[in-house]
Amino acid sequence: MSNKDFYETLGVARSASDDEIKKAYRKLAMKYHPDRNPDNKEAEDKFKEVQKAYDTLSDPQKKAAYDQYGHAAFEQGGFGGAGGAGGFGGFGGGFGGAQGFDFGDIFSQMFGGAGAGGARQQSYQGEDINYRVEITLEEAAAGVKRQITVPTYEECDICHGSGAKPGTKASTCHTCHGSGTVHVRQAIFTIQQTCPTCGGSGKEIKDPCVKCHGEGRVKTSKTVEVNIPAGIDDGQRIRLTGEGELGTNGAPSGDLYIHVTVKEHKIFQRDPDVPTDLHCELPISFATAALGGEVEVPTLDGKVKLTIPAGTQAGKRMRVKGKGVKSVRSSLVGDLYCHIVVETPINLTDRQKELLEEFESIATGLDRSQTPRQKSFWERLKDKIEDQFD
């Protein structure tokens with residue numbers, strides 16, 4: 001695999017943020033993924049390059065080493081290519097003549113870690129919690145507050161997070177001597193890893209707390225009030241910083257993500273392109289469509305009157321201004337669009353049939369201007385017939 005610059009591979013600047021690096025990686029990984037490029041060796045190799053670049057630049061320690069030493073930081077021949085005398089050589093010269101260079105020392109110097117005889121406990125940010133909330137369209141439009149109960153961890157109230165039985169205390173780990181890490185030699189390298197005995201805490205608990213069993217935290221649940229803003233759409237999420245699981249050794253807690261699902265409404269549909277607008281079907285009678293009139297229209301907050309012009313055709317869209325949904329990002333409120341459906345009556349009485357038959361006999365003499373759709377249909381049909389004989 002080539003030693004192309006990792007930043008160049010991902011198409012980002014060396015000053016790119018973590019989010020920019022992640023965004024670039026996702027875009028390229030999707031483009032070159034083997035599932036999307038079957039039997040394409042070039043795409044497969046490109047995918048591996050992108051993966052390798054991201055694995056390095058997404059890890060703070062690896063990224064720092066790469067920024068300082070380049071690809072040499074991860075080559076088994078030391079820092080550089082072929083070993084030349086006095087240079088950043090390979091097995092012969094090495095780095096200043098030192099074989100088996102200790103990367104743990106590099107990382108410790110870079111990140112203020114434990115040096116010789118020092119002690120540093122590993123701390124881990126708490127896990128994020130994902131929770132799904134289902135609301136109605138009315139609640140989405142107006143906004144709503146919900147109290148939810150989520151599973152989480154909290155500090156043990158018996159040992160107060162120490163993990164040790166009250167009256168006792170943890171001792172320094174005999175394996176890592178309190179540093180939380182150990183150095184494992186692999187070939188000519190020494191690699192720094194989390195201590196397998198204490199799990200990175202730097203401490204050993206010989207007499208653990210009876211409640212948390214040495215973890216310093218216990219599983220529980222908590223009630224959180226969630227303010228769901230007006231205008232939120234189906235599939236959007238709300239982030240509550242620090243409301244996730246408790247971190248270890250003083251590390252910050254994770255976040256709570258509320259994933260919102262909006263129930264399907266019996267009458268209204270939200271416009272997928274303009275989420276502030278609503279749509280609904282509005283059935284009206286044949287007489288109202290022909291003669292015009294005033295009908296009641298349902299909205300999310302009550303009924304309003306809508307004037308139907310005489311001669312309204314089926315499928316016509318009529319707007320009720322300001323009766324849509326508020327934008328989640330501004331004070332803008334959308335509109336309600338009513339799609340006219342002219343309803344054909346069923347189960348007619350004899351008298352109703354008689355009247356319709358009478359109307360039909362009269363309607364045969366209607367001028368084409370009174371039936372615009374029929375006029376348009378016959379004109380198009382006439383043009384088509386004439387085209388066939390031209």
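In this text, all values refer to a predicted model and were calculated from it rather than measured experimentally. Sequential numbering from 1 along the given sequence is applied to the chain's residues.
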Under-4.0 Å salt bridge between Asp19 and Lys23: no
Heavy-atom neighbours of Glu225 CD exceed 12 at 6.0 Å: yes
Shortest non-hydrogen separation from Ala29 to Val50 and the atoms involved: N-CG1, 4.3 Å
Arg217 and Cys156, any side-chain heavy atoms less than 4.5 Å apart: no
Distance-only side-chain donor-acceptor flag, Glu138 / His265, under 3.5 Å: yes
Within-4.5 Å side-chain heavy-atom neighbours: Leu278 and Tyr337: no
Trace of the side-chain contact (heavy atoms from CB on, under 4.5 Å) decision for Thr168 with Lys165: CA-CA 6 Å; Thr168 68; Lys165 184 178 179 180; 3.7 Å; yes
Those residues that, when tested against Tyr32, pass ring-ring contact (aromatic ring centres under 6.0 Å, His included) (two or more places apart): none
side-chain contact (heavy atoms from CB on, under 4.5 Å) between Asp128 and Tyr257, intermediate numbers included: CA-CA 7 Å; Asp128 293 334; Tyr257 289 93; 3.7 Å; yes
Short N-O contact, Lys222 and Glu243, less than 4.0 angstrom: yes
side-chain contact (heavy atoms from CB on, under 4.5 Å) partner of Val133, the single match among Thr261, Val226, Ile228: Ile228
Contact summary for Val260 and Ile232, nearest pair of heavy atoms: CG2-CD1, 3.6 Å
Minimum side-chain heavy-atom gap Ile205-Ser162 below 4.5 Å: no
Single-linkage hydrophobic cluster, 4.5 Å side-chain cutoff, Val320 and Ile308 together: yes
Gln269 atom CD, neighbour heavy-atom count above 12 within 6.0 Å: yes
Expected output: side-chain Glu134 to main-chain Arg132 donor-acceptor under 3.5 Å: no
Atom pair CD/OG1 of Gln192 and Thr181 - distance to nearest 0.5 Å: 4.0 Å
Cluster check Val325, Val328: I/L/V/M/F/W/Y, side chain < 4.5 angstrom: no
Test: Lys263 and Glu139 ion pair at under 4.0 Å: no
Salt-bridge contact Asp277-Arg270 (side-chain N to carboxylate O under 4.0 Å): no
Min side-chain heavy-atom separation Glu49-Phe6 under 4.5 Å: no
N/O donor-acceptor pair under 3.5 Å between Asp255 side chain and Gly242 backbone: yes
Asn40 and Glu44 side chains, donor-acceptor separation under 3.5 Å: no
From CD (Glu281) to CD1 (Ile340), nearest 0.5 Å: 10.5 Å
Spatial distance of atom OH (Tyr153) from atom CD (Glu245) [nearest 0.5 Å]: 6.0 Å
Smallest separation among heavy atoms of Leu348 and Gln352, with atom names: CA-OE1, 3.3 Å
Pairwise distance SG(Cys159) to NE2(His213) - rounded to 0.5 angstrom: 11.0 Å
Within-4.5 Å side-chain heavy-atom neighbours: Leu355 and Glu357: no
His160 and Glu155: CA distance, side-chain angles, deciding distance, side chain to side chain donor-acceptor pair (under 3.5 Å) verdict: CA-CA 6 Å; His160 302 292; Glu155 184 180 277; 4.5 Å; no
Minimum heavy-atom distance Asn37-Lys31, with the two atoms named: ND2-O, 3.0 Å
Shared hydrophobic cluster for Val262 and Val144 (ILVMFWY, side-chain gaps under 4.5 Å): yes
CA sep, side-chain torsions, deciding dist, call: Asp335, Arg319, salt bridge (charged side-chain N to carboxylate O under 4.0 Å, His left out): CA-CA 7 Å; Asp335 302 322; Arg319 184 177 72 161; 3.2 Å; yes
All ring-ring contact (aromatic ring centres under 6.0 Å, His included) counterparts of Tyr131, not counting sequence neighbours: none
Worked verdict on Leu28 versus Leu10 for side-chain contact (heavy atoms from CB on, under 4.5 Å): CA-CA 7 Å; Leu28 292 172; Leu10 295 180; 4.3 Å; yes
Glu354/Arg351 salt bridge by N-O under 4.0 Å criterion: yes
Over 12 non-hydrogen atoms of neighbours within 6.0 angstrom of NZ in Lys211: yes
Exceeds 12 heavy-atom contacts within 6.0 angstrom, atom CG of Asp18: no
side-chain contact (heavy atoms from CB on, under 4.5 Å) against Arg14, all qualifying residues, sequence neighbours excluded: Asp5, Tyr7, Tyr66, Asp67
Worked verdict on Val341 versus Leu282 for side-chain contact (heavy atoms from CB on, under 4.5 Å): CA-CA 6 Å; Val341 177; Leu282 180 62; over 6 Å; no
Partner residues of His339 under the ring-ring contact (aromatic ring centres under 6.0 Å, His included) criterion, sequence neighbours left out: His279
Gap between atom CG of Leu256 and atom CD of Glu127 - 0.5 Å precision: 13.5 Å
Euclidean distance, Lys22 NZ relative to Ser17 OG, rounded to 0.5 Å: 10.0 Å
Could you give the side-chain donor-acceptor pairs of residues 288-302 under 3.5 Å, partners two or more places apart or in another chain?
residue: Thr288; atom: OG1; partner: Ser285; partner atom: OG; Å: 2.9
residue: Thr299; atom: OG1; partner: Asp301; partner atom: N; Å: 3.3
residue: Thr299; atom: OG1; partner: Asp301; partner atom: OD1; Å: 2.8
residue: Thr299; atom: OG1; partner: Gly302; partner atom: N; Å: 3.4
residue: Thr299; atom: OG1; partner: Gly302; partner atom: O; Å: 2.5
residue: Asp301; atom: OD1; partner: Lys323; partner atom: NZ; Å: 3.4

Minimum-distance pair of heavy atoms, taken over all atoms of Gly216 and Cys212: N-SG, 3.2 Å
Heavy-atom closest contact (Thr197 atom, Glu204 atom, distance): CG2-OE1, 3.9 Å
Residues which pass ring-ring contact (aromatic ring centres under 6.0 Å, His included) with His33, listed by chain and number, not counting sequence neighbours: Phe47
Verify same cluster id: Leu306, Val342 (apolar side-chain graph, 4.5 Å): yes
Hphob cluster co-occupancy, Ile129 + Leu240, side-chain heavy atoms under 4.5 angstrom: yes
Check: Ser330 side chain, Ser327 main-chain N or O, donor-acceptor pair, under 3.5 Å: no
Side-chain donor or acceptor of Gln313 paired with backbone N/O of Gly311 under 3.5 Å: yes
